[in-house]
Each structure stands twice: as structure tokens, then as C-alpha cells.
Amino acid sequence: MTNNLINIILATCLLFSSLNLAAEQISPSNSKAEVQFLAGETCLKQANIACAMAALAKIPSSSPYAKLLQGEIAYTNQALDQALQLLLPLQAETQFSTAAKISLHQYLAKAFAKLQDAEQALVHLLQVDLALSNTAGNNQKDAISANQAQIWDLLSKLDQNELLAMRGNNTDDNLQGWVDLALAAKNQDLSSSLKSWQINYPDHSATALASSLQRPSSNQNAPQLLKLASGDAITISYLPTSDANNARVDAFKAGLIAALAVHGLNNAIQIYTPDNQDNDSQGTDNHSADNQEPSLPDGNTTPPQPNTAYAIHLDFANDTANAATPQKSNHQTLTLGLHLNEEAQQIVKFAVKNAINHVAIITNESFASAEMLKCFSTAWQQAFNLNAEHNSFNIITLPQNISANDLGLLDIQTKINAKAHDMVILALPTTDARIIKPYLSVGTPTLAFSNIHETTPDPALSNVRFVEIPFLLPASTQFSAYQSAAATLSSNDLLRWYALGVDALPILVATQQTSEKEVLLNGLSGKFSIKHGSITRQPSMARFSYEGISQEQ
């Protein structure tokens, strides 16, 4: 009911915003009305509603000051619907003094905050900030500081998704600057994130506040990471189901070692598996039998729980499966992995951003392709609140290992055009994608998972967008400290696990902290949100071109 009422009032404001009562324009009683209004406000600050009502009675009922004071009294009486009905139309009033305009937006901000509409509350608090900043004199400094403290209190309580949604709904630079500052403050590398914000918003009204958020540290390279106790070992546990997974563990360990070195830490690293335990500490050759833990029974599929301060379990079993919930951490083991569902969600975000409603999916009969299709389907259903019987997909299944001279390739575009579509998904191995790409329409956005990016840029896949980690994209110069240690890794798959190993250190630190606040991390393997023990990862998107690879914004 309240939302409908607000919509009606806003529509009325837009319709009649250009109309002003002539009587009010020429009436000399406006100044007297303002005096009584200010007296009524003083009464409200003292919680004396009877006094405010007496002041209201002395203001002509046709005066906008009467409606403003009446709305403030309604808010004080917790009659929010009545308060909004009276206050919202007054935004178009041109006869108000600056003090009255400030008061109007302050009460509207409080009303929307009561309704838990943070976005509208922020809009009105920013109007207050603008009005105070334009008021001459130094006596407004305290009022500006108090109002900005309200803005910051409101923004700091929102999580990353809420802030990003708010930012996407508005194009105002001032509002976006405040939201970006709130996002920067959540970043674990606070010093770097605040410096970037100050470069992007050199003249923003929150510059002073941003400076006050900078925490001093003797080590500016890693202000937070020093909280990791250097004498405690970090244990990596995993289930060794294949040689490929063993190689991934080695890459992950190399990344973790690189991160420790960059931040000046010397924690030992140990590897545990169900079959054997390798206490191979970083920088040593410690293989003494006295340090070996007893092996777990054969067939045990639970992660080992070593008795160390910091334990990380690498999840390979679900790296091609849909995870219904974010990966969790507890006081014993931090579980990390690279999951297809995270990539599928990023592709769906692209679809939502570009108003795409129908998708053609080209896949084949392999297990890996089936998992890509399943993850994308689940992410799509969750994003659009659909059931499994939705009619948004045109799925085209090809045989495995299709050859370049297969006559069936000539019919691919015809099959795609059989149903309306706004986007094409290649849920395929890279070799198949290269063969199929020339037969696709260049005018339709074509997207793929990270598997399509194997090594060097591929001109045969020009204009195909794909999901990828930031470390493997051209704009990864901020990660230059980790390039040399990754030089020996032979594939992008191993480089992704190396990047996750680097990110594991700040993630581990964040999950050891008792703070309930959300922590953001711009990592090598994606943007992480860490809150209440839940970890979500958002990879990046890129595009193949004839010149190489460009990152999508």
C-alpha cells in the first residue's frame, strides 16, 4: 500500500512541479509562516507535539510551510503514510528557504529509512549535503559532518550486492562516488582501494571522510595480512583423484608461497591427503617420519582435519558441478575451489545487463559440456525465478569430436534460428568451438566458459566473450608481483589454481577475523565477498579479437 501511495504522489509531483500558487508568490506572509514553522520545529526537537501543533495553527493552511510542519508532525507521530503524502509533493516547492529545504529532505530521509528503502534515504541525505555545502559560512561544518556521518552509517550497513544494485540504478556521479567509497572501504587492501577511489573522485564531497578511513600501518604493502601468526603452519588437504588434481595442488601451493613471500610471512605449508601426508614445509626438506600423521582409511571421502592453526581444503569434486550455496568456512577448514556455477552466474549477469531473454546453447554429449549446460540452466532459473520447464533455451546438441568437414555444420545457424534468441552459449571444448565459430552469425553475442581460453589469444574465436580470472587478462598489471613465480606453469588451468593460491592468503586472514562486516577482495582469481563465513567469487569477462584479448567492463 505504501509503495503504491508513494508512486501516486511522485507522479503528481512530476505533473504539477511547474505550477506555483500565485498567492504564495506575492504573499508577504511567507516570512511570518517560516518563523512559526521554525518555532514548530524547535518544539518537535523537544518532543513537544502540542507546542508544534500550536505553531502550526498560526500558519495559514494554504502555506507550504504549514504542509511541511504538518508532515513533520505526522512523522513524529509515526504516521509514515501521511508524512510521505504531505512531504513528497513539497519537493517541487520553490518558495522554501534553504533551511526549510534541508528540513524537508532530512525528514524524507528518515521516513524512507524507516521503510528500509536505503536508496531513497541516501538520495535525500545527499540533497541535504548539497544544500549545506552551498550555504555560506563556516557554521555549517558541524552540520555537514553530522549529515555525512548519517550517509556513511547507512552505506556501511549494506552488503556488496545491495551497493552494486544501488549504483546500477543511478547515474548521478555524487551518489556513485559515495557508493564506490563504501565498496572501497570493504576491500581488504584498504590502502590501495582508497587511493584508487581518490584518483577516480578527486573533487568528491566525501574526500575528507575517505582520508579519515585510511588506517596507518608500518607496512603499507600488507596492512591486514600481518595478523596471520607467522609461526603456524598452513595445511592444504585434498582428495587425489587424478594426476591433473595433483598438478593443480602444486600450482595452488606455488601461489600461496608467492603470496607469503610478497607479504613477508614465513608460514610453513603442509600437504595432507587421505592416503598419505606430505609434511613438505615451505623452504625445507622436512620429511621426517616423526612428523607424519596416520593415514585415513581407504574410501574416506571426508576432508582430512589436520591439527594446525590454518587449514585449507581444495574442492575438485565440485569444480564442474553446480553448488547450490556459497562455499563456507569454519574454524577448522577453509574450503576453496574454482566452480562452474560461478562462471555461469557471470554469463547470466551479462544477459540481465543486456536485457537478453532467450538463449541458444550449443553443446555436445561429453560430461564436461553437460556440466556447463546444467550450471548455466540453474543460474538462469535462479536469476529469472523460473521453473525447469521454462521455454527460454534452444539447446542444440552435437556429437563429440565433430570434424571440420562435417556436413551438419551447414545446418547449425538454421537450427539456432528455429527459435527466437538474443545470445549464443558455446558449452563446448575449445577444439569444437573453433570449428563451429565460422558458422555462427557475427551479429549475435556469443559467450563461453573459461575452458575456451587455453593458452594464447585465438583469432579463430574472434568476438567470442568468455569468463576468465583477472590474472589471465591484459589489465592484470596490478598483479605483477606474482608473474615471475607463475612463469613455469604450462597451462591456463594451472595458472587459475595458482591465482587461487595467491588469493587464499587474504581469504584465510579474513575468515579468521571475528568482525561481522563484509570484506571485499580484488583477487587474482576474481572479486571475493566474505561475510559471516560465506565466500562468493565473481570472475571477470573478456573478449577475443584479432589483436588479442580485451577485458569487458
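Bear in mind the structure is a predicted one, so any value in this text is a computation, not a measurement.
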Take R167 and D180 through the test side chain to side chain contact (heavy atoms under 4.5 Å, CB included) and record every step on the way to the result. CA-CA 8 Å; R167 194 187 193 287; D180 285 349; 2.6 Å; yes
Any side-chain donor near an acceptor of the partner, [X] and [Y], under 3.5 Å:
X    : Y    : result
S366 : S369 : yes
N357 : D422 : no
D432 : Q400 : no
H339 : D315 : yes
D129 : Q148 : yes
H204 : N174 : yes

Where the side chain of [X] meets the backbone of [Y], is there a donor-acceptor pair that is under 3.5 Å apart?
X    : Y    : answer
N354 : I356 : no
K415 : I396 : no
S377 : K374 : no
N451 : L428 : yes
N245 : P240 : no
Q413 : S441 : yes
N147 : V128 : no
D172 : L175 : yes
S193 : A184 : yes
N492 : E454 : yes

Drop me the distance from [X]'s [atom1] to [Y]'s [atom2], to the nearest 0.5 angstrom.
X    : Y    : atom1 : atom2 : result
I236 : F252 : CD1   : CZ    : 5.0 Å
T536 : Q160 : OG1   : CD    : 6.5 Å
N200 : W197 : CG    : CH2   : 9.5 Å
S529 : L521 : OG    : CG    : 10.5 Å
N417 : T444 : CG    : OG1   : 7.5 Å
C375 : N341 : SG    : CG    : 5.5 Å

Return the minimal non-hydrogen interatomic distance between [X] and [Y], and the atom names on each side.
X    : Y    : answer
I362 : I412 : CD1-CG2, 4.1 Å
F112 : A121 : CB-N, 3.8 Å
W497 : L314 : CZ3-CD2, 4.5 Å
E343 : S450 : OE2-OG, 2.7 Å
V179 : M166 : CG2-SD, 4.0 Å
S525 : P470 : C-CD, 3.7 Å

Looking at [X] versus [Y], is the centre-to-centre ring distance below 6.0 Å?
X    : Y    : value
Y201 : W178 : no
Y238 : H313 : no
F544 : F466 : yes
F393 : F376 : yes

Report the C-alpha distance between E365 and T397 in whole Å, list the side-chain angles of each, state the deciding distance to 0.1 Å, and finish with yes or no for side-chain hydrogen bond (donor to acceptor under 3.5 Å, both in side chains). CA-CA 7 Å; E365 299 167 346; T397 304; over 6 Å; no
Residue pair Q127, L122: steps toward the side chain to side chain contact (heavy atoms under 4.5 Å, CB included) verdict: CA-CA 9 Å; Q127 289 292 329; L122 175 63; over 6 Å; no
Please check if the number of heavy atoms outside N169 that lie under 6.0 Å from its CG is greater than 12. yes
Counting only heavy atoms from other residues, nucleotides and ligands, does the tally under 6.0 Å from NZ of K419 exceed 12? yes
Suppose we screen for side-chain hydrogen bond (donor to acceptor under 3.5 Å, both in side chains). Which residues come up paired with T363, at least two apart in sequence or across chains? none
Sequence neighbours excluded, which residues qualify as side-chain hydrogen bond (donor to acceptor under 3.5 Å, both in side chains) partners of D153? K157
Determine whether [X] and [Y] make a side-chain contact, defined as any pair of heavy atoms from C-beta on separated by less than 4.5 Å.
X    : Y    : result
L373 : I425 : no
L447 : V464 : no
I535 : T511 : yes
Q120 : L125 : no
V262 : V502 : no
I530 : S534 : no
S392 : F384 : no
N394 : H358 : no

Between I549 and H453, is a side chain to side chain contact (heavy atoms under 4.5 Å, CB included) present by the stated rule, with each step listed? CA-CA 10 Å; I549 293 175; H453 182 210; 3.3 Å; yes
Side chain to side chain contact (heavy atoms under 4.5 Å, CB included) between L505 and L256, worked out: CA-CA 7 Å; L505 181 59; L256 182 55; 4.1 Å; yes
Looking at K353, K349, R465, which one forms a salt bridge (charged side-chain N to carboxylate O under 4.0 Å, His left out) with E552? R465
Lys/Arg N to Asp/Glu carboxylate O, E468 vs R543, below 4.0 Å: no
